[in-house]
Q: 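Here it is, the structure in full.
Note on naming: letters A, B, ... go to the chains in the order of the sequence lines (proteins, then strands), and numbering restarts at 1 for each one. None of the values given here were measured: they were computed from a predicted structure.
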Amino acid sequence: MKEYFQLQFKMLNRSIIDFGLPLLVGYALLTFIFILLSNYLFEKTEFANYIFGLLSFFFISKLNAPKRNDFLKSIFNKQKYRHLRIAENIVYCIPFTLFLLYKKQFVFSVILNVLIIIVTLFNFSTNINVTIPTPFSKKPFEFTTGFRKTFYLFPVAYFLTFISISVNNFNFGIFSMLLIGIICFSYYSKTEDEYFVWNFNLSSKEFLFEKIKTCLLYFTLLSLPIIIALSISFYKDIAVLITFFVLCYAYLSTIILAKYSSFPKEMNMSQGILIAISFAFPPLLIIIIPHFFSQSVKKLNTILND
Amino acid sequence: MIKIKNLSKFYGEKQVLNSIDLEFKKGKAYGIVGENGAGKTTLFRCISGLETHKGTISSDFKKLKDHLGLLLTEPFFFSKITGREYIQLLANSRQIKLSSIEDKNIFDLPLNQYASTYSTGMKKKLALTAILLQENSVFILDEPFNGVDIQSNLIITEIIKKFKELGKTVIISSHIFSTLADTCDEIYLMKNGEIIKKVEQIDFNDLESEMKKFTVGNRVDKLLNLN
């Protein structure tokens with residue numbers, strides 16, 4: 001078991017190094033960001049405990065992946081496997097537990113740890129053959145696969161819109177539209193296998209325009225109920241609504257262009273930083289978008305033989 | 001026709017392809033054989049335009065890749081995409097309108113199931129179906145018979161023969177000699193990134209024993225200390 005955790009530690013270190021950070025800086029940065037965001041969460045809402053709990057579950061969900069656990073079962077005996085799964089869930093949850101203790105949420109931190117131990121008792125089947133229907137099955141894969149992974153978040157977003165109208169809180173409504181934007185944004189964060197780009201008989205520019213067009217169209221379709229509801233309920237704030245909607249368009253275009261600007265490699269550190277800065281200072285997008293576009297065209301030219 | 005002249009490829013300082021000259025004609029099938037790491041897949045990636053290289057690859061087409069169906073040794077599938085959507089995705093990328101996918105499902109694949117849950121052979125058949133429906137003129141099939149059942153093996157062999165009749169070019173790599181002998185007009189032997197032998201159809205009968213002699217040699221005896 002010791003060797004297993006040593007290997008996990010090595011893998012984590014390699015991910016940080018691959019991201020382009022020295023190990024020490026990587027760990028310091030991760031700790032800093034975690035504390036900053038956790039503090040922000042606890043300052044902003046009284047439900048922070050629950051959100052924090054959900055986040056930690058989301059964080060350990062990768063450890064519950066059926067294929068991964070089938071592999072572990074094949075190399076460890078039943079007892080060792082059980083011990084190992086409990087230990088790794090607890091280890092992965094240490095940052096969340098420590099922060100809850102720091103916030104004097106003793107009962108909640110105990111409940112959280114009990115729950116993550118209970119999760120290890122369940123076997124998730126690898127043979128679930130249920131195909132989730134999607135309205136996006138005809139066009140490139142991002143929305144097809146993305147929708148199937150995040151479909152349950154859309155009713156949440158629409159429900160938030162409903163609440164925002166009920167309590168007459170426009171900002172909450174804007175948040176629900178941004179949530180749709182963030183979900184769509186996540187569909188483009190991972191780089192696909194180069195085969196799926198190579199297959200296109202389009203020029204690099206046509207390819208990029210096609211990707212952006214599809215993304216913006218589907219984002220519009222998904223956020224349309226929210227936009228209509230907010231426009232009717234908060235017609236005085238329609239200019240703000242349009243501004244945020246246009247910003248969503250800009251950020252979605254940015255993530256697509258950023259992805260292909262380092263293709264077929266994953267997005268690098270400098271691109272991540274540029275996007276992060278643009279979130280704080282949106283006018284930067286005027287420079288970033290053309291920059292990513294020209295980089296993307298260069299990268300795609302080699303794959304599309306343009 | 002595809003003409004390859006003086007093709008070389010380096011990964012860092014390691015040379016993986018060395019001055020390869022080849023010619024692939026319309027209506028013919030070509031086999032590429034060689035041990036693992038001989039450079040077959042790299043050669044295919046260079047022809048497809050997925051790798052930069054030294055030397056030239058020319059064809060009758062303005063952009064060869066737009067007329068090329070590439071079957072990879074291990075096709076990649078997204079985690080939540082059905083077989084039908086995979087076929088549609090590859091057809092869309094070439095602006096091909098598919099009227100009915102069911103009629104073209106010659107391998108009887110469960111098209112409404114997620115492709116990532118398919119067995120190795122089923123994945124290969126799905127990837128093959130998808131590139132067949134792209135209406136390509138040239139096909140590069142990297143290990144098309146790997147993991148595929150005997151019935152599908154026969155179907156693939158028939159498809160290759162039909163493609164030759166239709167004037168298409170097929171380039172295949174396989175470790176199963178019988179399938180290559182059944183379908184190919186010429187077979188090239190690769191070793192350490194070089195084409196070391198060209199075998200014409202008339203000499204196919206001797207190919208297997210020659211390959212055995214060439215690749216196996218006395219390695220097994222060495223391993224078992226029988227020398």
Q: Indicate yes or no for a side-chain donor-acceptor contact from Lys80(B) to the backbone of Phe147(A) under 3.5 Å, with no hydrogens or angles considered.
A: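 Flag not set: sc Lys80(B) to bb Phe147(A) has no pair under 3.5 Å.
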Q: Sub-4.5 Å heavy-atom contacts with chain B: which residues of residues 204-213 of chain A show up?
A: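 If one takes a 4.5 Å heavy-atom cut-off, no residue of residues 204-213 of chain A lies near chain B.
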Q: Kindly give the heavy-atom pair with the smallest separation between Phe196(A) and Leu90(B), and that separation in Å.
A: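 Smallest heavy-atom distance, with atoms named: CE2-CD1, 3.9 Å.
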Q: Sort by residue number and list every residue of residues 184-195 of chain A having at least one heavy atom under 4.5 Å from chain B.
A: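 Under the 4.5 Å heavy-atom cut-off, Glu192(A), Asp193(A), Glu194(A), Tyr195(A) qualify.
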Q: Against chain B, work out which of Thr134(A), Thr145(A), Val197(A) has the most heavy-atom pairs shorter than 4.5 Å and name it.
A: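 Counting heavy-atom pairs under 4.5 Å, the top option is Thr145(A).
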Q: Would you find more than 12 non-hydrogen atoms of other residues, nucleotides or ligands less than 6.0 Å from Glu266(A) atom CD?
A: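 Above 12, so yes.
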Q: Please determine whether the number of non-hydrogen atoms from other residues, nucleotides or ligands lying under 6.0 Å from atom CZ of Phe61(B) exceeds 12.
A: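 Atom CZ in Phe61(B) is packed in, count exceeds 12.
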Q: Can you tell me how far apart OG1 (Thr131(A)) and CD1 (Ile81(B)) are? Round to the nearest 0.5 Å.
A: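 Taking OG1 in Thr131(A) and CD1 in Ile81(B), the distance rounds to 11.5 Å.
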Q: Would you find more than 12 non-hydrogen atoms of other residues, nucleotides or ligands less than 6.0 Å from Lys161(B) atom NZ?
A: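 Enclosed.
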Q: Check for me whether the distance between the ring centres of Phe141(A) and Tyr86(B) falls short of 6.0 Å.
A: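 No, ring centres 6.0 Å or more apart.
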Q: More than 12 heavy atoms of other residues, nucleotides or ligands under 6.0 Å from CZ of Phe76(B): yes or no?
A: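 Check passes, neighbour count above 12.
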Q: Is Leu68(B) close to chain A through its backbone or its side chain, or both, or neither, when contacts mean heavy atoms under 4.5 Å?
A: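 Both parts, backbone and side chain.
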Q: Using atom types as modelled and distance alone, determine if a side-chain donor or acceptor of Trp198(A) lies under 3.5 Å from a backbone N or O of Ser48(B).
A: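 Looks like yes, one N/O pair under 3.5 Å.
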Q: I need the residue from Gln88(B), Arg94(B), Gln134(B) with the largest number of non-hydrogen atom pairs under 4.5 Å to chain A.
A: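 So the answer, after comparing Gln88(B), Arg94(B), Gln134(B), is Arg94(B).
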Q: Roughly how far, to the nearest 0.5 Å, is CG of Asn199(A) from CG of Leu89(B)?
A: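 Leu89(B) atom CG to Asn199(A) atom CG measures 8.0 Å (nearest 0.5 Å).
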Q: Considering residues, nucleotides and ligands other than Phe76(A), do more than 12 of their heavy atoms fall under 6.0 Å from its CZ?
A: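 Count over threshold, so yes.
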Q: Using heavy-atom distances under 4.5 Å, tell me whether Leu64(B) contacts chain A through its side chain, its backbone, both, or neither.
A: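 Nothing of Leu64(B), per the 4.5 Å heavy-atom cut-off to chain A.
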Q: Are any side-chain N or O atoms of Lys65(B) and backbone N or O atoms of Phe200(A), one a donor and one an acceptor, separated by less than 3.5 Å?
A: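 Judged by distance alone, yes, a pair lies under 3.5 Å.
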Q: Return the minimal non-hydrogen interatomic distance between Lys63(B) and Leu304(A), and the atom names on each side.
A: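 Answer, listing the atom of Lys63(B) first, then Leu304(A): NZ-O, 3.2 Å.
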Q: Should the heavy atoms of other residues, nucleotides or ligands under 6.0 Å from CZ of Phe10(B) be counted, would the total exceed 12?
A: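 Correct, the count exceeds 12.
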Q: Are Gln95(B) and Leu202(A) packed together at the side-chain level, in the sense that at least one heavy-atom pair is separated by less than 4.5 angstrom?
A: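 Result yes, sub-4.5 Å side-chain heavy-atom pair found.
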Q: Before you tell me yes or no, could you show the steps for Lys149(A) and Ser79(B) under side-chain contact (heavy atoms from CB on, under 4.5 Å), namely the whole-Å CA-CA distance, both residues' side-chain angles and the distance that decides it to 0.1 Å?
A: CA-CA 10 Å; Lys149(A) 285 175 186 165; Ser79(B) 60; 3.2 Å; yes
